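To start, the structure itself, in structure tokens.
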Amino acid sequence: MITASPTSRLLTPATGWREAWRDAITDPRELLAAVGLADRPDLLPADDAGFPLRVPRGFVARMRQGDARDPLLLQVLPQQAEHAEAPGYSVDAVGDMAAKAGHGLLHKYDGRALLIASGSCAVNCRYCFRRHFPYGEEIAAAAGWREALAHVAADTSIRELILSGGDPLSLATHKLEELTRGLAAMPHVIRLRIHTRLPVVLPERVDDAFTAWLAALPLQKVVVLHANHANEFDASVDAACACLREAGATLLNQSVLLRGVNDDADALAALCERSFAAGVLPYYLHQLDKVTGAAHFEVADAEALALVEALRARLPGYLVPKLVRELPGDPSKRPIADFAR
Ligand SMILES: *Cc1c(COP(=O)(O)O)cnc(C)c1O
Ligand code: SF4
């Protein structure tokens, strides 16, 4: 066990992260009031298209006051545009639903197996495939994990276990401990990767107990964060990232290219610079999954390529994310350049 770092103490209010989780804003009118837009009920759609608003207050505090086009607000506020019909968009854009409904293990790519460790998220991102998949609260928990882990144990080609979701950090730390205890008996698994948005949207989650668990894991550790805009970072996120790094994790960031949120070179360059200031390297810039209700966020491939070229011209190579799209049946994420050819 490591002793907790001073930074992590700052992050851990007496109430803990569960409290902050439960305290999230779920009423669209309350959200508008919180960002100084109480006079703009016209921004709200007639209904939330079956995917309710959910956003932690700390994330809301990073939104600009009185700005209906705020890039953080647009990621979480239900919009009328979600009801528009869009050809090519479906409820299962990545073709994973069948696999996700099973014991939660997706083994699509060589050497890496991805476990849907939890279906819960602290935030509901409007562009997410999850809006159409009614996960149970902890779909792969306990009994399910045994089955998934048995598969990982039996397949020595798996070098890396990826915890994903939903958000795997929505699980209690003792649940994560349960999950990773068995990995010690699998010498072929050398890396644990965690895909999570929580250190960004609810940095309180990176508390002393979690940091101690991560630090004590006898594996290489990679944490892939998810931030789409520089404004998502603040001192609380910096502190959470510092704790993750002190616990021995390599930090990467993946983003989704979103119309109106980060679809310009200045915004993307600022995101890459700001995440690196927090000790996080840009990893992927994803083209949107074509999920029903998200078409208004789409950026055309040609425009996306031009944006990444602009980034390449002004940033060090290590700050330029790889532009990719996930397609059913592919052996890896597909670089967009391959489409253009
Ligand atoms: C994205 C993904 C991975 C990880 O791919 P990387 O290119 O290594 O980041 C692994 N498994 C599944 C099922 C995925 O969707
Ligand atoms: S899975 Fe990620 S993108 Fe989707 S709602 Fe959860 S945090 Fe947002």
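Note: hydrogens, waters and symmetry copies are ignored here, and every other heavy atom, side chains too, is used. We count ligands from 1, going down the list as the structure has it; atoms in each ligand are counted the same way. As the structure is a prediction and not an experimental result, all values here were calculated from the model. We're numbering straight along the sequence, starting at 1.
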Which one of Arg193, Lys322, His286 has a non-hydrogen atom at the shortest distance from atom 4 (C) of ligand 1?
Arg193
Any N/O pair Tyr109/ligand 1 closer than 3.5 Å:
no
Ionic contact status for Arg259 with Glu303, cut-off 4.0 Å:
yes
Side-chain ion pair, Arg126 and Glu82, N-O less than 4.0 Å
yes
Tyr283 neighbourhood, listing ligand 1 atoms whose heavy-atom distance to it stays under 4.0 Å
6 (P), 7 (O), 8 (O), 9 (O)
Could Asp289 and Arg131 be called an ion pair, given the rule that one side-chain N must be under 4.0 Å from one carboxylate O?
no
Going by an N to O cut-off under 4.0 Å, is there a salt bridge joining Arg205 and Asp167?
no
Would Glu204 and Arg18 pass as an ion pair if we require N to O under 4.0 Å?
no
Are His195 and Arg193 close enough that a side-chain donor and a side-chain acceptor fall under 3.5 Å?
yes
Gln254 to ligand 1, any heavy atom closer than 4.0 Å
no
So does Cys121 have any N/O/S atom less than 2.8 Å away from atom 6 (Fe) of ligand 2?
yes
For atom 8 (Fe) of ligand 2, which protein heavy atom lies nearest, and how many Å away is it?
Cys125 SG, 2.4 Å
Winner among Arg112, His195, Lys108, Glu160 once heavy atoms are compared against atom 8 (O) of ligand 1:
Arg112
Below 4.0 angstrom from a heavy atom of Tyr284, which ligand 1 atoms are there? Numbered from 1 as shown, please.
6 (P), 7 (O), 9 (O)
Residues Arg112 and Glu160 bridged, charged N to O under 4.0 Å:
no
Check each atom of ligand 1 against the heavy atoms of Leu106 and keep those under 4.0 Å away; list them by number with element.
13 (C)
Atoms of ligand 2 less than 4.0 Å from Val123 heavy atoms?
5 (S), 7 (S)
Among all protein heavy atoms in this structure, tell me which lies nearest to atom 3 (S) of ligand 2, with the distance rounded to 0.1 Å.
His226 CE1, 3.5 Å
Answer side chain, backbone, both or neither: which part of Ile162 comes under 4.0 Å from ligand 1, heavy atoms only.
side chain
Sub-4.0 Å atoms of ligand 2 with respect to non-hydrogen atoms of Cys128:
1 (S), 3 (S), 4 (Fe), 5 (S)
Distance under 4.0 Å to a non-hydrogen atom of Glu326: what atoms of ligand 1 satisfy this?
15 (O)
Under a 4.0 Å N-O cut-off, is there an ion pair linking Glu19 with Arg22?
yes
Is it the side chain, the backbone, both or neither of His107 that has a heavy atom closer than 4.0 Å to ligand 1?
neither
Nearest candidate to atom 12 (C) of ligand 1, where distance is taken over non-hydrogen atoms, out of Leu114, Ile116, Asp110:
Leu114
For Pro282, does its backbone N or O pair with a side-chain atom of Asn253 as donor and acceptor, under 3.5 Å?
no
Is a salt bridge present between Asp27 and Arg29, judged by a nitrogen-to-oxygen distance below 4.0 Å?
no
I'd like to know if Arg314 pairs up with Glu273 as an ion pair, taking the criterion as any Lys NZ or Arg NE/NH1/NH2 lying under 4.0 Å from an Asp or Glu carboxylate oxygen.
no
In this structure, atom 7 (S) of ligand 2 is nearest to the protein heavy atom Arg197 CD, 3.5 Å
Examine the proximity of ligand 2 to Arg131 and report which part, side chain or backbone, both or neither, has a heavy atom under 4.0 Å away.
neither
